[in-house]
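Report on the following structure.
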Amino acid sequence: MIRTVESSAHVSAPVLAAYSYCETVTGQQARNFAYGIRLLPTPERRAMSALYAFSRRVDDIGDGALDGDVKNARLEDTRALLTRVRAGEVEEDDTDPVAVALAHTARAFPVPLGGLDELIDGVLMDVRGETYETWDDLKVYCRCVAGAIGRLSLGVFGTQRGARGAERAPEYADTLGLALQLTNILRDVREDAAGGRTYLPADDLAKFGCSAGFDGPKPPEGSDFAGLVHFEVRRARALFAEGYRLLPMLDRRSGACVAAMAGIYRRLLDRIERDPGAVLRGRVSLPGREKAYVAVRGLSGLDARHVSRRSVRRHA
């Protein structure tokens, strides 16, 4: 999919103000994401911040303390706003800056806005308190809340003209989203349990004696918690390996953005693998200097070249 972009020579003051609001939200609420998108040219960075700000609104509704019926109503209101954006009914002087920025993004880039409908569907699954028996069940949820974001991002990035296998780019973007989401699930396992949510498949929990859940800093008595974590880490690594095939299809700065965000999460995965119990004791994160190293590596194109070499060897 070759990106076609509306001329950005002139962006009106109201739209610039709307994007500024979205960039502020992104910088305050999503440091890993913000770290990656700062590598993008200005139009793409603004577009990604608009997508994030809308997604953040949806997530905040799902994570809030409101009653389920109120959450459902607000999520449907958000879907109605998305319908207005899709229909071109949001004017530049609208009082909702996220709507203004998203509407401009939808005009400037071929983003598949249906991905944001999928995000709303995924958050509604959270509101209903759904649990997942198998990995195939969990994949449905992950594709809604993360795979869709990967496909939306690809609408902003586009693919390079003549890129080999570019028709599979949306599939790889989706898979990379799954890898990031599974990493999130591992990192947040105790925090989610405290909120009454369990995402890891029930089959996997039972296999490793962890069906009792994670309500404290120690694993369930008699469980093989480390075995569970290492099992899920291997699954996430396989998803990263498949999703990274997207990188050679992107231009240098888009590839750097994706490599930076994915690289941060892969390093989180490394930390979790080395010390599985850490996710029960607190939030695993990377220091700023390590994120900076990942960003430089992404900007250098090392990850993209590595994937390209592996692909050539595979097809030789």
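Just the heavy atoms: all of them, side chains too, but no hydrogens, waters or symmetry mates, feed the values below.
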Exercise. What's the verdict on side chain to side chain contact (heavy atoms under 4.5 Å, CB included) for Tyr199 and Val189, showing C-alpha distance, side-chain angles and the deciding distance?
Worked result: CA-CA 8 Å; Tyr199 290 104; Val189 65; over 6 Å; no

Side-chain polar contacts of residues 231-242 - donor-acceptor pairs under 3.5 angstrom, sequence neighbours left out - could you list them?
from	atom 1	to	atom 2	distance (Å)
Glu232	OE1	Arg235	NH1	3.1
Arg235	NH1	Asp204	OD2	2.9
Arg237	NH1	Asp270	OD1	3.2
Arg237	NH2	Asp270	OD1	2.7
Arg237	NH2	Glu273	OE1	2.7

Exercise. What's the spacing between Leu186 CG and Leu268 CG if we round to 0.5 Å?
Worked result: 10.5 Å

For this session: Kindly say whether Val98 contributes a backbone atom to a donor-acceptor pair with the side chain of Asp96 at under 3.5 angstrom?
Result: yes

Exercise. Is any side-chain heavy atom of Leu102 closer than 4.5 Å to a side-chain heavy atom of Leu116?
Worked result: yes

Exercise. Would you call His104 and Arg46 a side-chain contact if the rule is heavy atoms closer than 4.5 Å?
Worked result: no

Exercise. Hey, is Asp94 close enough to Arg84 for a salt bridge, meaning N to O under 4.0 Å?
Worked result: yes

For this session: Using atom types as modelled and distance alone, determine if a side-chain donor or acceptor of Lys71 lies under 3.5 Å from a backbone N or O of Gly62.
Result: yes

For this session: May I ask you to decide if Val156's main-chain N or O and Glu44's side chain share a donor-acceptor pair within less than 3.5 Å?
Result: no

Exercise. When rounded to the nearest 0.5 angstrom, what distance separates CZ in Arg252 from SG in Cys257?
Worked result: 13.0 Å

Problem set entry | Pairing of Asp224 and Lys207 as salt bridge, 4.0 angstrom limit | no

Exercise. Has the side chain of Ser20 got a donor or acceptor atom that lies under 3.5 Å from a matching backbone atom of Ala17?
Worked result: no

Exercise. Does NZ or CZ of Arg266 come closer than 6.0 Å to the centre of the six-membered ring of Tyr244, within 45° of the ring's axis?
Worked result: yes

For this session: Please examine the side chains of Phe157 and Met249, heavy atoms only from C-beta on, and report whether any two atoms are closer than 4.5 Å.
Result: no

Exercise. Considering residues at least two apart in sequence or located in another chain, which fulfil the salt bridge (Lys or Arg N to Asp or Glu O under 4.0 Å) criterion with Glu191?
Worked result: Arg283

For this session: Would you name the heavy atoms of Val85 and Ala106 that are closest together and state the gap between them?
Result: CG1-CB, 4.4 Å

Exercise. Are Asp60 and Arg57 close enough for a salt bridge, meaning some N to O gap below 4.0 Å?
Worked result: no

Problem set entry | Short side-chain to backbone donor-acceptor contact, Thr183 and Ala179, under 3.5 Å | yes

Exercise. Is the gap between the ring centers of Phe225 and Phe214 under 6.0 Å?
Worked result: yes

Problem set entry | Nearest-0.5 Å distance, CG of residue Leu152 to OG of residue Ser55 | 7.0 Å

Exercise. Does Arg187 pair with Asp192 as a salt bridge, N-O distance under 4.0 Å?
Worked result: no

Seminar exercise, completed: Closest non-hydrogen contact found for Ala260 with Gly36 is CB-CA, 4.2 Å

Exercise. How far apart are the C-alpha atoms of Ile61 and Val58, what are their side-chain angles, what is the distance that settles it, and do they pass the side chain to side chain contact (heavy atoms under 4.5 Å, CB included) test?
Worked result: CA-CA 5 Å; Ile61 294 170; Val58 174; 5.7 Å; no

Exercise. Does the pair Arg267 and Arg271 meet the rule for a side chain to side chain contact (heavy atoms under 4.5 Å, CB included), with working shown?
Worked result: CA-CA 6 Å; Arg267 284 173 174 265; Arg271 290 191 170 212; 5.9 Å; no

For this session: Provide the closest heavy-atom pair for Arg45 versus Arg38 in the form atom of the first, atom of the second, distance.
Result: CD-CA, 4.1 Å

For this session: Please test Arg161 against Asp251 for side chain to side chain contact (heavy atoms under 4.5 Å, CB included), starting from the C-alpha separation and ending with a verdict.
Result: CA-CA 9 Å; Arg161 193 174 300 278; Asp251 65 54; over 6 Å; no

For this session: Find the distance between CG (Leu178) and SG (Cys142) and round it off to the nearest 0.5 Å.
Result: 5.0 Å

Problem set entry | Under 3.5 Å side-chain donor-acceptor pair for Tyr141 and Asp126 | yes

Seminar exercise, completed: Between Ala262 and Leu180 the two heavy atoms that sit nearest each other are CA-CD1, 4.2 Å

Problem set entry | Heavy-atom pair of closest approach, residues Ala99 and Leu81 | CB-CD1, 3.7 Å

Exercise. Looking at Asp121 and Arg79, does any basic side-chain N land under 4.0 Å from a carboxylate oxygen?
Worked result: yes

Exercise. Side chain of Arg253, backbone of Leu39: donor and acceptor closer than 3.5 Å?
Worked result: yes

Exercise. Has the side chain of Thr78 got a donor or acceptor atom that lies under 3.5 Å from a matching backbone atom of Arg74?
Worked result: yes

For this session: Report yes or no: does Ser223 contribute a side-chain atom to a donor-acceptor pair with the main-chain N or O of Pro220 at less than 3.5 Å?
Result: yes

Problem set entry | Distance-only donor-acceptor check, side chains Tyr19 and Thr105, under 3.5 Å | yes

Exercise. In terms of hydrophobic clustering (I, L, V, M, F, W, Y; side-chain heavy atoms under 4.5 Å; direct or indirect links), are Leu16 and Leu40 co-clustered?
Worked result: yes

For this session: Write down the atom of His230, the atom of Pro276, and the distance for their closest heavy-atom approach.
Result: NE2-CG, 3.7 Å

